[in-house]
Amino acid sequence: MLRAPVWRAVTALAVIVISLILALVSAPRLGLDLRGGTQLVFETRDSATVKADSAATDRALDVLRQRADALGVVDPTLVRSGERRIIVELPGVLDPRQAAEVIGRTAQLAFHPVLGDEGDVRDENGGRLRLGPAAITGDGIADAVEQSDPQRGPGWWVSIDFRDAGAWQRMSGAAACAPVGDPKRRIAIVLDDEVISSPPLDPSVPCRTGIPGGSADITGSFTHGEARDLAVLIKGGALPVPLTMVEQRTVGPTLGAAAIDASAKAAIAGLILTAAFIVAVYRMSGLLSTLALACYGLISYAALVAMGATFTLPGLAGFVLAIGMAIDANVLVFERAREEYGQGRRGLKAALDRGFRNAWSAIADSNVTTLIAAGLLFWLASGPVKGFGVTLAVGVLASLVSAMLITRVLAHAVIGRVGPRLSGLGSPGAVRTWLTRRNPQLMKARRLWLAVAGTLVAVAVGGLLARGLNFGVEFTGGRLVEFATAKPLSADVAGQAVSRAGFPSAVVQASGDGVTVRAGGLGLDDVARIEQELERQAGEVTKRSEEFVGPSLGQELRRNALVALGVAVSMQLAYLAVRFRWTFGAAAVLALLVDVTVVAGMFAWLGKPVDGIFLAAMLTIVGYSVNDKVVVFDRVRELWSSRLPFVTAVNSAILQTMPRTVNTGLGALFILLALMAFGGDSLRDFALALVTGIVTGTLSSAFVAGPLAVWLARYDRTPPPGPPVKRRKVSGAVV
């Protein structure tokens, strides 16, 4: 019978080969924020006759898909989100005015007989008409196409084919009975309650006979683009319910290319720094884990492309961040193996086996907490931030395969053939040696640590009360536009240009060759006016990105953000209470609230924007912070017994897990520093929040969660867990 290590080796090889094949044969699907284009989010509304339910939204989605296909957009993406929302992604379309006008226009088309002039409807030339009831609606249109013919003169027109040729012949025959020049001889073509054409019938059309053949031409002073757009609207048909645009994002292709380049640089720099650090600390074991880390990157990438996941900018940030978090399981195993070997009772291979076995509980618990945060991001976030949640979840699962399978196979193949010193497991490490020699009694000063934490929380709350959070467009609603200018502009000069465009209250920021404008009532035409005013001051101006969020959606996203944080904290408390005991869970969650409050307070004092990226950072901090505290309390549970006082067990657990905490934190910080160095403004703020959260979370595990657990222990009458029962191996035979 084959031994377990052989099965692990075969499984690891199969996973790597399958991942390599998937990575080579599947092309990544880039989001609009990486390849450039426009994303529109529409919300269906009830009409007088139709309720905007899921069925009506699906019919509207079919109409929008026909329009997008007719526009010639390459690889458009249209999906229904919820019951009433439709997400439209148009790669390469950088003019949101054209996209919103053609894709989302209601397009209620109808053909009306003209009953006379002096009515309440204006025709295409400004004259007045009195119209009769619609004789043919948009449902009666079979096809519409733009056409031109030099023999008929310059210009374009739209040729229409009717489904019911008889209806068109009867309508045109009735109008032909009026004398030439009489308004009643005209037929009005109405689109969205506006007369777009009202041509008179040719004198050759006989009365009552009409125009046979079921076709007609809409003429007018159309350009090619106008005729094409009109044909798209007519052919697509009328929407069953009205649409309202609640969100719009436009990203230029150069900005997307720069984001990919920045993320690639951050990933490479972070990998090099993390690999150098882990090899320096754990020598050969660190080198093997670095190889497993490279396999982790391959596995997670292959899983994402196989799922058809869309790579977004926050998703790339999550991919890079997960590299740092993936090293955590390796660090846990190696530190436990060092402890086992240091006890002198077993060799390197046996110590490594015990390290994998004893670290599994903490690894499983900590990864569950991160998966909870990732699930909440996918469930409650919107737009590209969902991609971060997916990437984070896939990264967590891939890191388990990397650490518990691939690292284990590589380590079993090498460890035992090298000496204890070269293996990296034969010495306790500098941090553990120092802690063992000093043996600091941290819990004796637990009141001091809680007082310091309380002071930090008070300062953070002061910032929240005094300055408040700078909510971005995503949470407040409005429009945010970023321009690139040929020459730098100061904030004052840019603000004056925006004021001349009619928006003196807009928030204007200028840095280097970029100008950012944010306002609540900013429309698409207003953006064009602002761009013209900026061009007068800075020469050539290019729109890098644009984001619009309707006020109702902004309120919903802000509410979802609060719900996400509340649910995250509650689920962490429930999980910890079930997995450990309620005092451990309460201490961990209270320490977690300290971490979250400090980060939010720092953003308030610095005036940093709070948006979906910030929400992703906060939920990641929740997962990471609880992850760290799970490791500490898992060790407390292991050390605490009736013979060892609880306060001593907490102090010993903190000291014993400190090497893992320091090494894991440094591994993640290398990645985040790379993101801060190479990422754009949004990723830089994301990295800043995570750096603050990781540092605060690491310190709060020892100096807040530990003291709180000691204080809460007086309210818990449950006896300490008994010592683990060792199973005795029995050999022999039954006769």
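Given the structure is predicted, the values throughout are model-derived calculations rather than measurements.
Closest heavy-atom contact between A484 and R544: CB-NE, 3.2 Å. V473 approaches G478 most closely through the heavy-atom pair CG1-O, 3.2 Å. Nearest heavy atoms, A269 versus A674: CB-CB, 4.1 Å. In terms of heavy-atom proximity, G514 sits nearest to T485 at N-OG1, 4.3 Å. Across every non-hydrogen atom of V508 and A494, the tightest pair is CG1-CB, 3.8 Å. Considering every non-hydrogen atom in both F614 and V599, the closest pair reads CE1-CG1, 4.3 Å.
The ring-ring contact (aromatic ring centres under 6.0 Å, His included) check on F670 picks up F277, with sequence neighbours excluded. Checked against side chain to side chain donor-acceptor pair (under 3.5 Å), R80 has the following partners two or more places apart in sequence or in another chain: D58. Listed by chain and residue number, L464, L469 satisfy the side-chain contact (heavy atoms from CB on, under 4.5 Å) test with A604 (two or more places apart in sequence, or in another chain). Take Q496 and apply the side-chain contact (heavy atoms from CB on, under 4.5 Å) test, not counting sequence neighbours, and it matches R500. Taking the side-chain contact (heavy atoms from CB on, under 4.5 Å) definition, one finds that V305 meets it with S26, P28, Y301, F311, sequence neighbours left out. Here R85 pairs with E43, E556 under the salt bridge (Lys or Arg N to Asp or Glu O under 4.0 Å) rule; sequence neighbours left out. With sequence neighbours excluded, no residue forms a salt bridge (Lys or Arg N to Asp or Glu O under 4.0 Å) with E531. Residues that satisfy the side-chain contact (heavy atoms from CB on, under 4.5 Å) test with S490, not counting sequence neighbours, are D492, V493.
Of the candidates T44, D46, T244, D46 is the only one forming a side-chain hydrogen bond (donor to acceptor under 3.5 Å, both in side chains) with R84.
Under the 4.5 Å side-chain criterion, counting only non-hydrogen atoms from C-beta, T57 is in contact with I86. Side-chain contact between V498 and E533: absent, with no pair of heavy atoms (C-beta onward) separated by less than 4.5 Å. T661 has its side chain within reach of D628: a pair of non-hydrogen atoms, C-beta onward, lies under 4.5 Å apart. Under the 4.5 Å side-chain criterion, counting only non-hydrogen atoms from C-beta, L243 is in contact with L64. Residues F483 and V527 form a side-chain contact, since some pair of their non-hydrogen atoms from C-beta on lies under 4.5 Å apart. Between F603 and T692 there is no side-chain heavy-atom pair separated by less than 4.5 Å. The side-chain heavy atoms of V88 and L78, taken from C-beta on, include a pair separated by under 4.5 Å. In this structure the side chain of R479 never reaches within 4.5 angstrom of the side chain of D526, judged on heavy atoms.
Evaluation of the salt bridge (charged side-chain N to carboxylate O under 4.0 Å, His left out) test over residues 596-608, restricted to residues two or more places apart or in two chains, returns K608-D685. Within the structure, salt bridge (charged side-chain N to carboxylate O under 4.0 Å, His left out) contacts touching residues 588-601 (residues at least two apart or in different chains) are D595-K629. Applying the side-chain hydrogen bond (donor to acceptor under 3.5 Å, both in side chains) test to pairs two or more places apart or on separate chains, none has a residue in residues 665-676. Pairs passing the salt bridge (charged side-chain N to carboxylate O under 4.0 Å, His left out) check and including a residue from residues 618-627, sequence neighbours excluded, do not occur.
Here the OG1 atom belonging to T250 is positioned 11.5 Å from the CZ atom belonging to F548, to the nearest 0.5 angstrom. With rounding to the nearest 0.5 Å, the separation of CZ in F686 from CG in D611 is 11.0 Å. Atoms CZ and CG, from F503 and L522 in turn, are 4.5 Å apart once rounded to the nearest 0.5 Å. Here CD1 of I621 is found 9.5 Å from CG of L592. Values are rounded to the nearest 0.5 Å. To the nearest 0.5 Å, the span separating CG on L673 from CG on L688 amounts to 10.5 Å. Annotation: the span from L690 atom CG to M676 atom CE amounts to 10.5 Å, rounded to 0.5 Å.
When atom types are taken as modelled, the side chain of S300 and the backbone of V394 share no donor-acceptor pair closer than 3.5 angstrom. Side-chain N or O atoms of W449 include none that pairs as donor or acceptor with a backbone N or O of A702 at under 3.5 Å.
There is no side-chain donor-acceptor pair under 3.5 Å between S545 and E547.
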